[in-house]
Amino acid sequence: QVQLVESGGGLVQPGGSLRLSCEASGQFFSVNVMGWYRQAPGKERELVADITSGGMTNYADSMKGRFTISRDNQNNTMYLQMNSLKPEDTAVYYCHGDVRRYSWIGAMRVWGKGTQVTVSS
């Protein structure tokens with residue numbers, strides 16, 4: 001069974017920084033695109049950023065310049081460095097990985113359970 005586990009969330013003051021991690025574990029052939037989404041109370045889940053196994057990145061416009069996504073393919077771990085945090089960044093942050101269990105099977109999206117980020121003074 002493949003699992004993605006997020007860590008690094010917490011409470012931070014406006015203008016502060018946090019680094020989220022997402023580790024994929026279990027038996028699988030490869031992880032293609034990995035990404036972060038977030039969901040604030042009463043709002044729909046929205047894309048934060050994603051990254052291919054080759055390192056190509058994509059960001060939502062509101063995150064550009066403040067957030068940086070990266071990954072360590074050897075350790076199947078993805079990161080999200082969040083700087084200049086604002087109260088409106090408060091949300092549950094979810095990671096996903098497009099996982100190929102075997103080389104002859106297409107990728108399946110696997111989600112983590114989420115980590116809470118709260119930006120407040």
Side-chain angles (χ1 to χ4, degrees):
Q1 184 176 359
V2 181
Q3 288 187 317
L4 270 67
V5 179
E6 303 97 335
S7 61
L11 173 65
V12 63
Q13 292 187 342
S17 299
L18 279 177
R19 188 192 195 207
L20 305 183
S21 299
C22 171
E23 182 178 4
S25 63
Q27 297 293 325
F28 51 87
F29 173 72
S30 68
V31 184
N32 298 344
V33 177
M34 298 183 77
W36 292 95
Y37 280 70
R38 70 184 186 184
Q39 187 166 21
K43 295 187 176 181
E44 294 186 353
R45 190 175 293 192
E46 63 174 349
L47 172 70
V48 175
D50 55 36
I51 183 168
T52 68
S53 57
M56 292 184 62
T57 59
N58 172 54
Y59 294 90
D61 287 342
S62 61
M63 275 50 122
K64 288 180 181 178
R66 299 191 300 126
F67 292 4
T68 302
I69 190 171
S70 61
R71 65 189 283 177
D72 177 351
N73 290 330
Q74 187 168 5
N75 292 305
N76 298 307
T77 303
M78 173 181 63
Y79 305 96
L80 184 69
Q81 178 66 42
M82 304 186 293
N83 299 327
S84 302
L85 283 162
K86 306 173 182 179
E88 50 265 42
D89 294 317
T90 296
V92 178
Y93 284 70
Y94 298 90
C95 72
H96 77 79
D98 294 347
V99 180
R100 296 178 68 189
R101 291 289 307 277
Y102 306 100
S103 61
W104 58 88
I105 295 178
M108 175 183 66
R109 179 155 292 188
V110 179
W111 290 92
K113 294 183 178 180
T115 184
Q116 176 70 47
V117 172
T118 302
V119 184
S120 175
S121 56

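M63 and V92 are assigned to two separate hydrophobic clusters, defined by single-linkage of ILVMFWY side chains at heavy-atom distances under 4.5 Å. L20 and V33 are members of different hydrophobic clusters when ILVMFWY side chains are connected at heavy-atom separations under 4.5 Å. Note on Y79 and L4: separate hydrophobic clusters, where clusters join Ile, Leu, Val, Met, Phe, Trp and Tyr whose side-chain heavy atoms are under 4.5 Å apart, directly or indirectly.
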**OP:** Decide side-chain contact (heavy atoms from CB on, under 4.5 Å) for M108 and V99; before the verdict, give the C-alpha distance in whole Å, the side-chain angles of both, and the deciding distance to 0.1 Å.
**Re:** CA-CA 5 Å; M108 175 183 66; V99 180; 5.6 Å; no
Subject >> Residue pair F67, L85: steps toward the side-chain contact (heavy atoms from CB on, under 4.5 Å) verdict >> reply: CA-CA 9 Å; F67 292 4; L85 283 162; 3.9 Å; yes
**OP:** Take N32 and S53 through the side-chain hydrogen bond (donor to acceptor under 3.5 Å, both in side chains) test and state the conclusion after the steps.
**Re:** CA-CA 5 Å; N32 298 344; S53 57; 5.1 Å; no
**OP:** Start with the C-alpha distance between R45 and W111, add both sets of side-chain angles, then the distance that settles side-chain contact (heavy atoms from CB on, under 4.5 Å), and finish with yes or no.
**Re:** CA-CA 13 Å; R45 190 175 293 192; W111 290 92; 3.4 Å; yes
**OP:** List the steps and the verdict of side-chain contact (heavy atoms from CB on, under 4.5 Å) for Y37 and D50.
**Re:** CA-CA 9 Å; Y37 280 70; D50 55 36; 5.5 Å; no
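Between the T115 side chain and the Y93 main chain, no donor and acceptor come within less than 3.5 Å of each other. Using modelled atom types, no side-chain atom of Y94 and backbone atom of Q39 make a donor-acceptor pair closer than 3.5 Å. Checked by atom type and distance alone, the side chain of N76 never pairs as donor or acceptor with a backbone atom of V31 at under 3.5 Å. The closest donor-acceptor contact from the side chain of R19 to the backbone of Q81 lies at 3.5 Å or more, if one exists at all. For R71 (side chain) and G55 (main-chain N/O), no donor-acceptor pair under 3.5 Å exists by modelled atom type. In this structure, the side chain of R66 engages the main chain of S84 through a donor-acceptor pair within 3.5 Å.
Within the 4.5 Å cutoff, the side chain of M56 has no heavy atoms near those of the N58 side chain. Annotation: side chain of E23 is not in contact with side chain of N75 (no heavy-atom distance under 4.5 Å).
A91 approaches R38 most closely through the heavy-atom pair CB-CB, 3.9 Å. The minimum heavy-atom distance linking A40 with T90 is given by the pair CB-O, 3.6 Å. Closest heavy-atom contact between W36 and S21: CH2-O, 3.5 Å. Heavy-atom minimum distance, G35 versus M78: O-CE, 3.3 Å. Nearest approach of P14 to S120, heavy atoms of both residues: CD-C, 3.6 Å.
Salt bridge D89/K86: absent, no basic N to carboxylate O contact under 4.0 Å. Under a 4.0 Å N-O distance rule, the pair E6/K113 does not qualify as a salt bridge.
The number of heavy-atom neighbours closer than 6.0 Å to CD of E88, taken from other residues, nucleotides and ligands shown, is above 12.
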